[in-house]
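Below is one structure; the comments refer to it alone.
Chain identifiers are assigned alphabetically (A, B, ...) following the order of the sequence lines, protein sequences preceding nucleic acid strands; residue numbering begins at 1 within each chain.
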Number of protein chains: 2
Amino acid sequence: MSNISKEDYLRVIYKGLEESRMVNPTLVAEHLNISNAAVTDMLKKLTKEKYVSYTPYKGIQLLEKGKMEAIKLVRRHRIWETFLFKVIGLPWYKIDQEAENLEHSSSDELIDRLEVILNYPEFDPHGHPIPRKDGRIPKQKKCISLDRLGIGKVSAIQKVNDHSEELLMFLYKSGLVINKKLKVTEKREFDNSIVVLVDNKELVLSEKISKNIFVEDMR
Amino acid sequence: MSNISKEDYLRVIYKGLEESRMVNPTLVAEHLNISNAAVTDMLKKLTKEKYVSYTPYKGIQLLEKGKMEAIKLVRRHRIWETFLFKVIGLPWYKIDQEAENLEHSSSDELIDRLEVILNYPEFDPHGHPIPRKDGRIPKQKKCISLDRLGIGKVSAIQKVNDHSEELLMFLYKSGLVINKKLKVTEKREFDNSIVVLVDNKELVLSEKISKNIFVEDMR
DNA sequence: AGATTAATTTAAGTTAACTTAAACATTTTT
DNA sequence: AAAAATGTTTAAGTTAACTTAAATTAATCT
């Protein structure tokens, strides 16, 4: 029984829920680049095997079993990302894709070794928490997405969404990396774009971009 | 179109030929743990697509296209093995299995990075040559299998076959690793077992074992 | 509330990579 | 050279993971 695809579904569902979105079949289909019908099929299987619960139009929920599986995969993924970045030296915007390939084909033993070599990292290079072996998840500072940061406010980037290589490349080239401090200098009502000050340079960010950047919420 | 299984077939064929064996469907089936019928099927496809040529009962040959593919995969495999051993620190007898998982899911870019980090290694930890990016294969010292080394002779281990984890574990625990010097002190005609001196200890090796160890042929 | 739009499921079919069992072909043994 | 053993192929069927197109259901809009 192949196990790869099931894991992929669970990871997508997990990451969707992590971003506190409602996860429906369409969303999953888009992320995996497959048809809705395929998702319906798999959802039936995952439901029967108690990985998820699902009510049409209400979204997909992870059950204990599915959550565990997903967390395990996310752990693999993020440990690989960190390793690829810190030890192998792959670029920030390429590690997600590469880790996605590797995450399915590494033994627990290997993952644990990588974790030791990296000295038990808590967050991956895009700022996402790396689940520990026991399933616990490192606590992150309270975050809000950049589009909700008030004008004049200063904060530091805590994490970025990593599902588009193009977006990551843009962020990287703009210096918008983890822990970078920035200040919102302007907000444009008509298209919700904002202007931020980073490294003493002004940057205009569309709403689509700013929604994918998360900064510390200091209140 | 999935590419994984085709690659596996090619690798097995390549490695078989490398050991100058005749490679027939049965051998491939055994190595991949599948039925002969499945191999027949795939062989048809590989023949049609000009990866191999094949005459029943005469063995399988690699054509140019198939050889290139196979060499590419072997390169990936052996670079991963070397990396897992030298950088990650996995045990000598576990790296083959782990590399087999990883070899299918790494980009060329990643493999090339690993090669740089390892400073362009020529041989993997089991003594097999690592094909370069251009397909050329490092020359090895002339070898013979240990069972053919004359009594009283001294030589050094150049490579070992790596298809059984159990064998590798035994070799490792017996100190029979790459470059280790040994001397044949006795040969037993009735079962073709031999006695060798390694690190000043006597070891009895069955024919099955000695045929999987290759030492420098100094003549 | 009915119409429109969006989300979901069903139905039927495809593809890749297998399986087992039986048939067939070639080598090897006696 | 016939018998036995080994190797190979065929035939029919299975499974997982998809696809497209049509049908159905729910949510949203006016």
Side-chain angles (χ1 to χ4, degrees), chain A residues 1-14 16-17 19-62 65-66 69-70 73 100-101 103-105, chain B residues 1-14 16-17 19-62 65-66 69-70 73 100-101 103-105:
Chain A
M1 195 188 302
S2 166
N3 216 42
I4 286 180
S5 248
K6 193 188 287 178
E7 284 187 338
D8 282 316
Y9 283 86
L10 292 173
R11 175 170 45 70
V12 169
I13 297 166
Y14 179 86
L17 294 172
E19 290 168 24
S20 52
R21 283 203 262 175
M22 161 164 124
V23 179
N24 60 17
T26 306
L27 184 80
V28 176
E30 275 161 9
H31 270 80
L32 294 176
N33 260 302
I34 54 178
S35 68
N36 280 15
V39 178
T40 300
D41 269 12
M42 179 58 81
L43 240 31
K44 270 188 212 155
K45 200 175 305 179
L46 291 176
T47 302
K48 187 157 67 183
E49 295 173 17
K50 307 251 188 258
Y51 286 98
V52 305
S53 74
Y54 163 57
T55 341
Y57 302 92
K58 301 286 176 188
I60 306 166
Q61 245 50 51
L62 280 176
K65 189 177 168 191
E69 275 280 308
L73 193 64
E100 205 155 305
N101 299 334
E103 67 192 2
H104 297 296
S105 36
Chain B
M1 197 188 299
S2 166
N3 215 39
I4 285 182
S5 250
K6 192 188 288 177
E7 283 188 337
D8 282 315
Y9 284 86
L10 292 173
R11 175 170 44 72
V12 169
I13 296 166
Y14 179 87
L17 294 172
E19 291 169 23
S20 52
R21 285 202 261 175
M22 161 162 124
V23 178
N24 60 18
T26 306
L27 184 79
V28 176
E30 276 162 7
H31 269 79
L32 294 176
N33 261 302
I34 54 177
S35 70
N36 280 16
V39 178
T40 299
D41 269 12
M42 180 58 82
L43 240 32
K44 271 188 213 156
K45 200 175 305 181
L46 291 176
T47 302
K48 187 157 68 180
E49 295 174 16
K50 306 254 191 257
Y51 285 99
V52 304
S53 74
Y54 163 56
T55 341
Y57 302 93
K58 300 287 178 185
I60 306 166
Q61 244 53 52
L62 280 176
K65 189 177 167 192
E69 275 280 308
L73 193 65
E100 205 154 306
N101 299 333
E103 66 190 4
H104 297 296
S105 37

Between atom [atom1] in [X] and atom [atom2] in [N], what is the gap in whole Å?
{"X": "B:Ile34", "N": "D:dT9", "atom1": "CD1", "atom2": "P", "result": "13 Å"}
{"X": "A:Met42", "N": "D:dT15", "atom1": "CE", "atom2": "P", "result": "16 Å"}
{"X": "A:Glu7", "N": "D:dA16", "atom1": "CD", "atom2": "C1'", "result": "15 Å"}
{"X": "B:Leu32", "N": "C:dA16", "atom1": "CG", "atom2": "P", "result": "18 Å"}
{"X": "B:Tyr9", "N": "C:dC18", "atom1": "OH", "atom2": "C1'", "result": "8 Å"}

Specify the closest pair of heavy atoms between [X] and [Y], including all atoms of both residues, with the distance to one decimal.
{"X": "B:Val28", "Y": "B:Val12", "result": "CA-CG1, 4.1 Å"}
{"X": "A:Gln61", "Y": "A:Leu17", "result": "NE2-CD2, 4.3 Å"}
{"X": "B:Tyr54", "Y": "B:Gly59", "result": "CD1-O, 3.5 Å"}

| request: Answer yes when A:Glu49 and A:Lys6 have at least one side-chain N-carboxylate O distance shorter than 4.0 Å, and no when they do not. | output: yes
| message | Is a donor from one side chain sitting under 3.5 angstrom from an acceptor on the other, for B:His104 and A:Asn101? | response | no
| query | Does the side chain of B:Ser5 get closer than 4.0 angstrom to OP1 or OP2 of C:dC18 through an N or O atom? | reply | yes
| Can you check whether A:Ser35 has a side-chain N or O nearer than 4.0 Å to OP1 or OP2 of D:dT20? | no
Distances for protein N or O near nucleotides 7-10 of chain C N or O, under 3.5 Å:
residue, atom, partner, partner atom, Å
C:dA7, N3, A:Tyr57, OH, 3.0
C:dT8, OP2, A:Thr26, N, 3.3
C:dT8, OP2, A:Thr26, OG1, 2.7
C:dT8, O3', A:Tyr54, OH, 3.2
C:dT9, OP1, A:Tyr54, OH, 3.4
C:dT9, OP2, A:Thr40, OG1, 3.1
C:dT9, OP2, A:Tyr54, OH, 3.3
C:dT10, OP2, A:Lys44, NZ, 3.1

| field | Rounded distance (nearest 0.5 Å) linking atom CZ of A:Arg11 with atom CD of A:Glu103 | value | 4.5 Å
| Considering only C:dA17, D:dA17, C:dT20, which nucleotide approaches the side chain of B:Lys45 most closely? | C:dA17
